[in-house]
Amino acid sequence: MRNEEPGEGGADEAVAFIAEQSAALRQLAERHKLSVLHYLLGMTQLEADEHLRLRTKRKLS
């Protein structure tokens, strides 16, 4: 088994990884009162989650 970099499994895997990591980074930004980063990471997480939601919806159609 080879070690793959995050996102090498395709776009959906990359977006899921981005959503997960942005959520963790957002918590870190909030803890340190980095409000602009907190906001931007929240927007990143929302965009990634929406992308996954729409892809799942299209696959079910």
Side-chain angles (χ1 to χ4, degrees):
M1 177 189 293
R2 69 175 214 196
N3 292 330
E4 293 184 2
E5 291 293 321
E8 286 188 16
D12 289 344
E13 183 183 315
V15 172
F17 180 78
I18 291 167
E20 182 181 310
Q21 294 304 308
S22 61
L25 290 169
R26 186 172 189 243
Q27 289 177 342
L28 182 62
E30 181 179 36
R31 187 170 36 235
H32 293 283
K33 298 179 180 15
L34 301 168
S35 59
V36 173
L37 284 173
H38 179 261
Y39 173 78
L40 292 172
L41 289 161
M43 295 303 292
T44 301
Q45 183 183 359
L46 285 173
E47 183 66 24
D49 288 342
E50 180 68 3
H51 178 83
L52 288 173
R53 187 185 70 76
L54 291 175
R55 295 275 295 184
T56 302
K57 187 176 179 180
R58 276 187 237 132
K59 286 180 181 179
L60 294 176
S61 298

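Reckoned from all heavy atoms, side chains included, excluding hydrogens, waters and symmetry mates. Every value quoted in this text rests on a predicted model; they were computed, and no experiment measured them. Count residues from 1 along the sequence.
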Heavy-atom pair of closest approach, residues A16 and L52: CA-CD1, 3.8 Å
Minimum-distance pair of heavy atoms, taken over all atoms of V15 and A48: CG1-O, 3.3 Å
D49: partners by salt bridge (charged side-chain N to carboxylate O under 4.0 Å, His left out), with sequence neighbours left out: none
Those residues that, when tested against E47, pass salt bridge (charged side-chain N to carboxylate O under 4.0 Å, His left out) (two or more places apart): none
Q45 CD to I18 CD1 distance, which is reported to the nearest 0.5 Å: 12.0 Å
Single-linkage hydrophobic cluster V36~M43, side-chain heavy atoms < 4.5 angstrom: yes
Heavy-atom side-chain contact between R26 and L40 under 4.5 Å: no
